[in-house]
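A, B, ... follow the sequence lines: proteins, then strands. Residue 1 opens every chain.
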Amino acid sequence: MTTSTPAAPSTPAAPSPPRPVAAPGPGLDAEELDGLRTVPARHPWRWAAGTAALVVLLQFLHGLATNPGWDWATFRLYFTADTILQAIGRTLELTAYGTVLGFALGAVVAGMRLSRSAVLRTIAWAYVWVFRSIPLIVQLVFWFNLSYLYKRFGFGIPFGPTFGDFETVGVLGALGAAVLGLGLHQAAFAAEIIRGGIIAVEAGQREAAAALGIPRWRQAWRIVLPQAMRGILPAAANEVISLLKGTSVVYVMAIGELFYQAQVIYGRTGRVVPLLMVATVWYVVLTTVLSIGQYYVERYFARGARRTPPPTPLRRLRTLLGGLPARADARTAARTAARTSGGTP
Amino acid sequence: MTTLTKADPTPPADRADAAGAAPMVQVRGLHKSFGRLEVLRGVDLDVPAGSVTVVLGPSGSGKSTLLRAINHLEKLDRGYVAIDGELIGYRRAGDRLYELKEREVLRQRTGIGFVFQNFNLFPHLTVLENVVEAPIAALGRPRAEARAAALALLERVGLADKAAAYPRQLSGGQQQRVAIARALALEPKVLLFDEPTSALDPELVGEVLDVIKDLARSGTTMIVVTHEIGFAREVADTVVFMDGGVVVEQGPPAELLDRPRHERTRAFLAKVL
């Protein structure tokens, strides 16, 4: 496009005044500087700080090995004891139920908060408000005492006749109360995480799907959610890991999960520190497994997000060790080359 | 050829007279406000089947809103849009137009292709998956059939070798060509282009315009909002100039671009030519 009207207020191509050509300052001889070697700046304090930190770390590790208070013999004795393994099973069970209930309900609440119905939006907002406000431990004790508030639970027409009912005491035992409490608590946080992921998906995506006539549920399931997952996953993994450790709160209900079981044993034997270490190391192991899982799930949902997908850790390790270029890497390189050469006409 | 008809007070009955001479796209008395801002103030437009209409106008003149109203991405305040004799987004009962259920609107949109300025390809799906998605999900085509059709369309836009690539691995021009193939996959009666080259680097504009020109020659009914005057001159059957939410004038490109009758058209062309 050319601008032919001289009166146009904004002529794009006004020639800028010539800039002075950069010349070496006074006293610098360009010829003399030519081809000299450069030396990076030295950072002696960086080395000093690093050394100090390493010394502290070594001292701590030395203490772990030599301080008899850690009592590694007892640690070994209980680390794989049957009671502890069973308790881990219980911890995993609570985590799994809490996650499933929390995220299923959270997805519903998130959907309600994004709904076009003002009633659903308000109810969902109130749910999040209430359940984020109540400390988990308070809620757990509440559910545990549900039968005090509601003796019987029934189904029927609202405010009308009841078709059948049952006693609350029998239905909601300690485990049920714990799962319910964890799940409801988790749902409030999950709802906000899921909603955050969904609103982060560019509006044009939904618009394009709508313009193509794609049915509404499929717009959500196929177009919006997979993209929202990228935003949801890191925060969701945080929540699952918090929940895993948060299950230790249910010791107040005397459920035999990992922390409760460790307490029972040190209550009997008096060896507090080694049993706390048993619980700690197991929590670290479980969190590590979850973190690795997170990495791979995130990788799956990242497809298409980058021009060249990053190598898997396994492939990276192989490259690091053997320097053997994995075949997949060569393929990626070939594809990149083909794109650059035959790319834009 | 297009004629500037005065607002027809009675909208057609649903699916009434799809008889020969009726225009493919019929827009009558379109009004649309965003809050207190009146973007469309009574737009009338007829687009005959198989013709190419290019809409020009300064930014804020309501071009994009008109295009989005045609496939009901925007609700209307007054007036109506009909495609192939069928009211879009509304159903007539007596002297009222009732908005259709979303499911119905989605069905109608499968007959209207829309190409966005920012492509809006689905980044987590491959090029092929982008193209087959709507035929499978909206029209219920068998996957194998949709796939074959999609590959043929990709061939047509010159991107058959990119079927397995993800959109972010393509240049802007390539992405827009995929977006055109995606819109064509529904075999729409009308194709709407909303500034299809405005987000592209200058050297990539040509490859997209070439694809659109090719479609124009094959007799696809198209409405193109653009700033490419050269393209309008070469391809359009009718050029429509919009300003301030109304159609100021329209006519064949040679007439409108070289001998505009209205002062506003002249002022606009003087700026962009």
Expected output: side-chain B:Arg109 to main-chain A:Ala210 donor-acceptor under 3.5 Å: yes

Atom OH of A:Tyr300: over 12 foreign heavy atoms under 6.0 Å: no

Within 6.0 angstrom of A:Arg216 CZ, more than 12 heavy atoms from elsewhere: no

Does B:Glu155 CD have over 12 foreign heavy atoms under 6.0 Å away? no

May I ask you to decide if B:Leu121's main-chain N or O and A:Gln205's side chain share a donor-acceptor pair within less than 3.5 Å? yes

Using the side chain to side chain contact (heavy atoms under 4.5 Å, CB included) rule, take B:His124 and A:Leu225 through it: C-alpha gap first, then chi angles, then the decisive distance, then the call. CA-CA 11 Å; B:His124 60 301; A:Leu225 271 181; over 6 Å; no

Please state whether the side chain, the backbone, both or neither of B:Arg107 comes within less than 4.5 Å of a heavy atom of chain A. neither

When the 4.5 angstrom heavy-atom criterion is applied to B:Ile229 and chain A, the contacting part is neither

Which atoms of B:Leu192 are under 4.5 Å from chain A, going by heavy atoms: the side chain, the backbone, both sets, or neither? neither

Could you tell me which portion of B:Pro123 (side chain, backbone, both or neither) has an atom closer than 4.5 angstrom to a non-hydrogen atom of chain A? both

Minimal non-hydrogen separation, A:Gly304 against B:Arg168, with atom names: O-NH1, 3.6 Å

Is chain A contacted by the side chain of B:Arg182, its backbone, both, or neither, given a heavy-atom distance below 4.5 Å? both

Write down the atom of A:Gly213, the atom of B:Ala138, and the distance for their closest heavy-atom approach. O-CB, 3.3 Å

Does atom OH of B:Tyr166 have more than 12 heavy-atom neighbours from other groups under 6.0 Å away? yes

What part of A:Arg303 lies closer than 4.5 angstrom to a heavy atom of chain B: side chain, backbone, both or neither? both

Interatomic distance, A:Glu207 atom CD to B:Arg68 atom CZ [nearest 0.5 angstrom]: 4.0 Å

Within a strict 4.5 Å, meaning less than it, do heavy atoms of the A:Ile214 and B:Glu133 side chains meet? yes

Where on A:Ala209 is there a heavy atom nearer than 4.5 Å to chain B: the side chain, the backbone, both, or neither? both

Residue part contacting chain A, namely of B:Phe116, when any heavy atom lies under 4.5 Å: side chain

Portion of A:Arg222 that has a non-hydrogen atom of chain B nearer than 4.5 angstrom: both

Kindly compute the distance separating CG (A:Leu212) from CD1 (B:Ile112), expressed to the nearest 0.5 Å. 11.5 Å

Counting only heavy atoms from other residues, nucleotides and ligands, does the tally under 6.0 Å from CZ of B:Arg147 exceed 12? no

So does B:Lys213 have more than 12 non-hydrogen atoms from other groups sitting under 6.0 Å from NZ? yes

